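Not measured: the values here are computed from a predicted model.
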Amino acid sequence: LVVDDMEAVFAAAIARAYNNWLYDFCQKDPARLLGAGMISPYDMNDAANEAQRCANELGFRAVFLRANPLVDHQWHDAYYEPLWSALENLGLSLGFHESTGTGKKQIGERLEPNLMLRRAYAQPMEQMLALGSFCAGGVFARHPKLRVAFLEANCSWLPWLLWRLDAGWEREGDVWAPDLCMAPSEYFKRQCVVSVEPDEITVKQVIDTMGSDRIVFSTDYPHGDSKYPEAVDHFLKLPIGKDDKKKILWDNCVAYYAL
């Protein structure tokens, strides 16, 4: 859902149609295929109702949104509260993904027409902005059981960003973050995961800094920058320990989806 000013009713219908298709797809092997439903951000009544349908009727374990907001509300705005409350009450995990190309006021637009530069910056920076809204903007402080993943946009920026958010909170949090009762990094450690790319060798520094408990794995199939079908082979060659690899490939994913 990436068209500026899309009609809310139409956007919700697209999400329902996609979720119906995904439900049918997962019926091939429901024990192994776990659905993550599409949610439209154009109307929060529609969004909360579709989240409820995803959980109660379709049996999905998660939903997903674009990291780049498609409406004129940042993720920590009160506009989204009905959706965050619904996801928390339903026990649905939330995943953020971003696109290189389309979107409303996406940071990559500043780099047009250079696709190489847009691809390098668009996804990770939109994910970083979204993470800030949740960890430092008060979303997690208000919704302590909400689980959120920031996916397919690297993880090597994470230690610096959390340090930066913590420093800002120490300086100005009494004015700009009144909902927070602990540092933004602590909310991340309690409620978030972020994904590593199959060949992201700098994940070693992330693990050295903050451990491997909050990292998950994705092949990024079928996108053009995916390492598929050798994605897992690339990951297994990374210079990190076997226990870390097991956490990233399995344990952390199980916890995120509350399996």
Going hydrophobic residue to hydrophobic residue with side-chain gaps under 4.5 angstrom, can you get from Val216 over to Phe96?
no
Sub-4.5 Å side-chain heavy-atom contact between Pro239 and Ile201:
yes
pair Cys155-Val203: side-chain heavy atoms closer than 4.5 Å:
yes
Lys237 and Asp233: salt bridge (charged side-chain N to carboxylate O under 4.0 Å, His left out), yes or no, with the steps?
CA-CA 6 Å; Lys237 293 176 184 176; Asp233 292 334; over 6 Å; no
Please determine whether residues Val196 and Leu161 belong to a single hydrophobic cluster, defined as Ile, Leu, Val, Met, Phe, Trp and Tyr linked transitively by side-chain heavy-atom distances below 4.5 Å.
yes
Minimum heavy-atom separation for Gly35 and Phe60, please, with both atom names.
O-CB, 3.3 Å
Under a 3.5 Å distance rule, please check whether Arg190 uses its side chain to pair with a backbone N or O of Phe140 as donor and acceptor.
yes
Could you walk me through whether Phe150 and His97 pass the side-chain contact (heavy atoms from CB on, under 4.5 Å) test, one step at a time?
CA-CA 7 Å; Phe150 299 90; His97 192 282; over 6 Å; no
Please check if atom CD in Glu230 has more than 12 non-hydrogen atoms from other residues, nucleotides or ligands closer than 6.0 Å.
yes
Determine whether more than 12 heavy atoms belonging to other residues, nucleotides or ligands lie under 6.0 Å from atom CH2 of Trp176.
no
OH-CD1 distance between Tyr121 and Ile107, expressed to the nearest 0.5 angstrom
10.0 Å
Hey, what do you get for CZ (Arg61) to SG (Cys54), rounding to the nearest 0.5 Å?
13.0 Å
Ring centre gap for Phe235 and Phe217 strictly below 6.0 Å
yes
Can a salt bridge be assigned to the pair Lys227 and Glu197 using a cut-off of 4.0 Å between side-chain N and carboxylate O?
no
So for atom CH2, which belongs to Trp163, do other residues, nucleotides or ligands contribute more than 12 heavy atoms lying within a distance under 6.0 Å?
no
Testing the basics here: between Trp75 and Pro69, what is the closest heavy-atom pair and its distance to 0.1 Å?
NE1-CG, 3.6 Å
Can you check whether Leu115's main-chain N or O pairs, donor with acceptor, with Arg119's side chain at less than 3.5 Å?
no
Using modelled atom types only, decide if a donor and an acceptor are shared between the side chain of Trp160 and the backbone of Ser156 within a distance under 3.5 Å.
no
Determine, using ring centers only, whether Tyr23 and Tyr18 are less than 6.0 Å apart.
no
Nearest heavy atoms of Leu34 and Cys26, plus distance in Å:
C-SG, 4.3 Å
Quick check on Arg164: does its CZ atom have over 12 non-hydrogen neighbours (other residues, nucleotides or ligands) under 6.0 Å away?
no
Does Lys204 NZ have over 12 foreign heavy atoms under 6.0 Å away?
no
Measure from the side-chain N and O atoms of Arg147 to the backbone N and O of Gly91, and report whether any donor-acceptor pair falls under 3.5 Å.
yes
Does a donor on one side chain and an acceptor on the other come within less than 3.5 Å for Ser212 and Asp244?
yes
With a 6.0 Å cut-off (strictly less than), is the heavy-atom count around CG of Asp29, excluding the residue itself, greater than 12?
yes
Less than 4.5 Å apart, any side-chain heavy atom of Phe64 and any of Leu151?
no
Taking all atoms of both residues into account, what is the closest heavy-atom pair of Pro124 and Ala153, and its distance?
CB-O, 3.5 Å
Roughly how far, to the nearest 0.5 Å, is the CG atom of Asp46 from the CG atom of Leu83?
11.0 Å
Step-by-step side-chain contact (heavy atoms from CB on, under 4.5 Å) determination, Met210 to Val206
CA-CA 6 Å; Met210 54 185 301; Val206 180; 4.1 Å; yes
Just verifying a value: how many Å separate Ser195 OG and Asn252 CG, rounded to the nearest 0.5 Å?
12.0 Å
Examine distances only and state if a side-chain atom of Gln191 and a backbone atom of His143 form a donor-acceptor pair shorter than 3.5 Å.
yes
For the residue pair Val194 and Arg214, establish whether any side-chain heavy-atom pair is separated by less than 4.5 Å.
no
Report yes if the side chains of Ile240 and Ile248 come closer than 4.5 Å at any heavy-atom pair, otherwise no.
yes
Could you tell me which non-hydrogen atom of Ile215 sits nearest to which non-hydrogen atom of Gly211, and how far apart they are?
CD1-O, 4.0 Å
Given 3.5 Å as the limit, does a donor-acceptor pair link the side chain of Asn19 with the main chain of Gly37, or not?
no
Between the side chain of Thr209 and the main-chain N/O of Gln205, is any donor-acceptor distance below 3.5 Å?
yes
Within the supplied structure, the quantity of interest is the number of heavy atoms (other residues, nucleotides, ligands) at a distance under 6.0 Å from Leu33 CG; does it exceed 12?
yes
Arg16 versus Asn49, side-chain donor and acceptor atoms under 3.5 Å:
no
State, yes or no, whether a side-chain contact exists between Asp220 and Tyr228 at a heavy-atom distance under 4.5 Å.
no
Ring centers of Phe134, Trp84 separated by less than 6.0 Å
yes
Rounded distance [0.5 Å steps], OG1 in Thr100 versus CD in Glu126
11.0 Å
Looking only at non-hydrogen atoms, find the nearest pair between Trp157 and Gln127 and report the distance.
CZ2-CB, 4.3 Å
Do the side chain of Tyr42 and the main chain of Ala47 share a donor and acceptor less than 3.5 angstrom apart?
no
Taking the side chain as every heavy atom from C-beta outward, state whether Gln74 and Asp77 have any pair of such atoms under 4.5 Å apart.
yes
How long is the straight-line distance from CD of Glu186 back to NZ of Lys189, given to the nearest 0.5 Å?
4.5 Å
Please answer whether the main-chain N or O of Lys145 pairs with a side-chain N or O of Glu88 as donor and acceptor at a distance below 3.5 Å.
yes
Any luck finding a side-chain donor-acceptor pair between Glu98 and Gln106 under 3.5 Å?
yes
Any Asp43 side-chain heavy atom under 4.5 Å of Glu50 side chain:
no
